[in-house]
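Only one structure is covered here, and it is reproduced in the block below.
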Amino acid sequence: MRTGKVLAAAGGKHDFDDVLLHMQKLGSSTKEKTSAVYLLAVAMNEIANINIASDVEQFVKQGKAVELPKDLFTEDCSLSWVERPGFHRGFDVEATQANGNVISGVVENGPAWNAGLRNGMLLVKRAGGEIGNSQVEIAYEGKDGDKPRTLKWMPTGSTTERYRMLKLCEGLSPEKLAACAARLGGRGMFLNGR
């Protein structure tokens with residue numbers, strides 16, 4: 001929610017900070033456990049007279065993607081939809097844990113299988129990778145009988161996932177890069193991996 005929309009709806013008297021402060025006040029004034037989403041909806045209505053019930057239904061309850069405005073980052077960068085393989089370790093984690101860390105449910109002919117992972121091996125520890133990211137190689141240390149093994153593979157599954165990617169235009173001046181960082185809240189990590 002842009003602060004400007006709250007300011008406009010509240011006649012310039014309140015901004016989104018006021019909404020958040022009101023949420024905090026509402027949350028501390030009740031003894032019942034209340035969700036942050038509920039408190040946000042009430043605070044938006046009471047502070048800025050904005051009804052976000054349909055947004056909550058679509059984006060929170062149904063999990064629909066939020067369509068960001070095309071002009072959000074001006075002409076210095078672009079937002080595009082990207083698809084990549086979904087993350088999957090290549091074996092059944094829950095079954096493996098329930099089986100005393102003995103590997104179970106290896107997907108035959110998948111990346112883990114092709115790297116040499118087999119049912120019945122003992123899982124010692126994860127030695128690399130980023131859970132949830134199919135673009136980072138994953139590694140596990142284990143034992144095949146008495147023989148220690150370290151196996152690595154790309155943790156891709158049969159599904160795909162769609163996400164938004166921010167891409168900076170080539171050849172931006174240091175001043176424009178600094179302006180982009182400021183618009184992103186100073187998150188320079190987005191500015192290094194063009």
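For clarity, every value in this text was computed on a predicted model and none was experimentally measured. Any value given below was found using the heavy atoms of this structure, including those in side chains, with hydrogens, waters and symmetry copies removed. The chain is numbered in sequence order, starting from 1.
Counted by atom type alone, Ser173 and Glu175 present one or more donor-acceptor pairs between their side chains at under 3.5 Å.
By the side chain to side chain contact (heavy atoms under 4.5 Å, CB included) test, Ser158 pairs with no residue at all, sequence neighbours left out. Residues that satisfy the side-chain hydrogen bond (donor to acceptor under 3.5 Å, both in side chains) test with His88, not counting sequence neighbours, are absent from this structure.
Not one N or O on the side chain of Thr159 forms a donor-acceptor pair closer than 3.5 Å with the backbone of Gly157. Without hydrogens or angle criteria, Asn45 side chain to Asn51 main chain gives no donor-acceptor distance under 3.5 Å. Under the 3.5 Å distance criterion, the side-chain polar atoms of Thr96 are matched with a main-chain donor or acceptor of Ser104. Under a 3.5 Å cut-off, the side chain of Trp153 and the backbone N or O of Arg89 do form a donor-acceptor pair. Between the side chain of Asp18 and the backbone N or O of Asp15 there is at least one donor-acceptor pair closer than 3.5 Å. In this structure, Ser28 contributes its side chain and Lys25 its backbone to a donor-acceptor pair below 3.5 Å.
The closest side-chain heavy-atom distance from Trp113 to Arg118 is below 4.5 Å. Using a 4.5 Å heavy-atom cutoff, the side chains of Val106 and Phe91 are in contact. Inter-residue side-chain proximity for Arg149 and Leu117 is flagged as unmet; no heavy-atom pair is nearer than 4.5 Å. Proximity of Asp17 to Val6: side-chain heavy atoms (C-beta onward) are nowhere separated by under 4.5 Å. Contact annotation: the side chain of Arg126 approaches that of Ile131 to within less than 4.5 Å [non-hydrogen atoms, C-beta and beyond].
The heavy-atom pair separating Met154 from Val136 by the smallest distance is CE-N, 3.9 Å. Smallest separation of non-hydrogen atoms from Lys152 and Ala115: O-CB, 3.4 Å. The two residues Gln135 and Pro85 have their closest heavy-atom pair at NE2-CD, 3.7 Å. The minimum heavy-atom distance linking Ala48 with Ala9 is given by the pair O-CB, 3.3 Å.
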Problem set entry | Worked verdict on Arg84 versus Asn133 for side-chain contact (heavy atoms from CB on, under 4.5 Å) | CA-CA 10 Å; Arg84 69 178 181 189; Asn133 188 344; 3.5 Å; yes

For this session: Kindly determine whether Tyr163 and Val82 satisfy side-chain contact (heavy atoms from CB on, under 4.5 Å), including the steps that lead there.
Result: CA-CA 6 Å; Tyr163 64 98; Val82 177; 3.6 Å; yes

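Taken from CD in Glu46 to NE2 in His22, the straight-line distance is 4.0 Å, to the nearest 0.5 Å. Here the CD1 atom belonging to Ile47 is positioned 11.0 Å from the CG atom belonging to Asn49, to the nearest 0.5 angstrom. Rounded to the nearest 0.5 Å, atoms CD (Glu83) and OG1 (Thr160) are 4.5 Å apart. Summarising the geometry, atom CG belonging to Leu123 is positioned 4.5 Å from atom CD1 belonging to Ile103; distances are rounded to the nearest 0.5 Å. A distance of 10.0 Å separates CZ of Phe87 from OG1 of Thr156, quoted to the nearest 0.5 Å. Note that CD of Gln97 and CG of Asp92 are 9.5 Å apart. Values are rounded to the nearest 0.5 Å.
Within 6.0 Å of CD in Gln24 there are 12 or fewer heavy atoms belonging to other residues, nucleotides or ligands.
The hydrophobic cluster containing Val102, built from Ile/Leu/Val/Met/Phe/Trp/Tyr side-chain heavy atoms closer than 4.5 Å, also comprises Leu122.
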